[in-house]
Amino acid sequence: LEIRRKSLGEDHPQVASLLTTLGAVQDNQGNYDEAKRLYERSLEIRRKSLGEDHPDVASSLYNLAKLLKIQGDYDEAKRLYERSLEIRRK
């Protein structure tokens, strides 16, 4: 991750992909707060570098929604699931 950040920059889509992968590892290990932090940063990078309606943004929204559902934040999870679906339908 650090190598990618240094060579590509903090806000590069490949950095976002690595953050998503690390978030999934944390998610699978039950480290939900860390997973959320990583997923949110990945989403932020993807929105900034790829635009609001990019399929990778939809994937980030889906990952974050899935985590929020596990954490019991059903209203926010639903909102993010719906936005992810809206992007994918375009």
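Computed from a predicted model, the values in this text were never measured in an experiment.
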I'd like a table of donor-acceptor pairs (distance under 3.5 Å, sequence neighbours excluded) in which one partner is a side-chain atom from residues 61-72, with atom names and distances.
from, atom 1, to, atom 2, distance (Å)
N63, ND2, S59, O, 3.4

### Query
Restricting to pairs with a member in residues 5-45, which pass ring-ring contact (aromatic ring centres under 6.0 Å, His included), not counting sequence neighbours?
none
### Task
State, to 0.1 Å, how close R47 and V57 come at their nearest heavy-atom pair, and which atoms those are.
N-CG2, 3.9 Å
### Partner residues of R83 under the side chain to side chain donor-acceptor pair (under 3.5 Å) criterion, sequence neighbours left out
D53, E86
### Message
Under a 3.5 Å distance rule, please check whether R46 uses its side chain to pair with a backbone N or O of D56 as donor and acceptor.
### Response
yes
## Note on the structure
When rounded to the nearest 0.5 Å, the distance separating NE2 of H54 from CD1 of I87 is 10.5 Å
### Task
Mind jotting down which residue pairs meet the salt bridge (Lys or Arg N to Asp or Glu O under 4.0 Å) criterion with at least one end in residues 21-34? Sequence neighbours excluded, please.
E34-R37
### Query
Taking only residues two or more places apart in sequence, or in another chain, which ones meet S49 in a side chain to side chain donor-acceptor pair (under 3.5 Å)?
none
### Task
Identify, with sequence neighbours excluded, every residue that meets side chain to side chain donor-acceptor pair (under 3.5 Å) alongside E40.
none
### Query
Are the side chain of S42 and the backbone N or O of L38 linked by a donor-acceptor pair below 3.5 Å?
no
### Within-4.5 Å side-chain heavy-atom neighbours: V15 and L19
yes
